[in-house]
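Read through the structure below, which is laid out as structure tokens, and then see the notes.
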Amino acid sequence: MSKQYWLMKSEPDAYPWKQLVREGTGIWDGVRNHTAKLNLKAMQVGDEALFYHSNIGKECVGIMRITETAFPDPTADEGSPWVVVRVEPVRALTHPVTLAAIKADPKLADMDLIRQSRLSVGRVTPEEWKHILKKSETAGG
DNA sequence: GCCAACGTTGGC
DNA sequence: GCCAACGTTGGC
């Protein structure tokens with residue numbers, strides 16, 4: 001399968017981008033939504049994901065790479081369906097891409113992030129991915 | 001199986 | 001702090 005792209009949300013209070021960079025690797029735990037879980041299970045090693053800061057910041061701040069496919073979430077009860085993937089930071093975006101900038105861009109209006117605002121792990125199409133990365137090269141989107 | 005009540009997420 | 005969206009729970 002060709003490379004897939006994702007967007008994963010974290011509240012910076014709980015788990016900020018800086019922490020992932022500092023630690024060099026991390027597992028994406030705590031997902032308790034079935035749609036998000038299906039997305040985690042669809043991830044392949046080498047897929048890339050945007051790290052999005054929800055609540056505080058409300059912006060995409062960096063790029064991660066999936067390094068290990070889904071396995072049971074160690075923070076969940078045994079026998080539960082919840083899974084995690086392992087990720088590592090690739091690089092920070094040159095400039096963060098804010099939710100406001102994404103909403104204001106017709107090319108990005110159909111993103112999971114916009115259409116289903118509570119979904120913490122969403123798909124990003126290759127077109128959306130390219131477009132967001134391009135926006136991140138210029139301040140203010 | 002339906003639906004009201006309730007809890008959580010996350011933007012504003 | 002409020003509210004919309006959405007998921008879950010429990011009574012019937």
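Chain A is the first sequence line, chain B the second, and so forth, proteins listed ahead of strands; every chain is numbered from 1.
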What integer distance in Å separates K103(A):NZ from dG10(B):C1'?
10 Å
Rounded to whole angstroms, how far apart are OH on Y15(A) and C1' on dT9(B)?
20 Å
Just the rounded figure in Å: distance from P of dG10(B) to CG of L7(A).
11 Å
Does K9(A) put a side-chain nitrogen or oxygen below 4.0 Å from OP1 or OP2 of dT8(B)?
no
Surrounding CG of D77(A) (heavy atoms of other residues, nucleotides or ligands, distance under 6.0 Å), is the total greater than 12?
no
Side-chain donor/acceptor contact of R118(A) with base of dT8(B) under 3.5 Å:
yes
On the nucleotide dG10(B), are OP1 or OP2 found under 4.0 Å from the side-chain N or O atoms that H53(A) carries?
no
Go through the side-chain N and O atoms of R32(A) and T75(A) and say whether any donor and acceptor fall under 3.5 Å apart.
yes
Under 4.0 angstrom, heavy atoms only, what part of the nucleic acid is L119(A) near: base, sugar-phosphate, or nothing?
nothing
Presence of Y52(A) side-chain N/O under 4.0 Å of dG11(B) phosphate oxygens OP1/OP2
yes
Just the rounded figure in Å: distance from C1' of dG10(B) to CD of E59(A).
15 Å
Between P on dT8(B) and NE2 on H34(A), what's the gap in Å once rounded to a whole number?
16 Å
Whole angstrom value for the distance that separates C1' of dG7(C) from CD of Q116(A):
11 Å
As a test of understanding, state which of K130(A), K3(A), R65(A), R91(A) forms a salt bridge (Lys or Arg N to Asp or Glu O under 4.0 Å) with E48(A).
K3(A)
Any donor-acceptor N/O pair, Q4(A) side chain to A42(A) backbone, under 3.5 Å
yes
Rounded interatomic separation in angstrom, taking CG from N55(A) and P from dT8(B)
15 Å
CG of L113(A) versus P of dC6(C): gap in Å, rounded?
13 Å
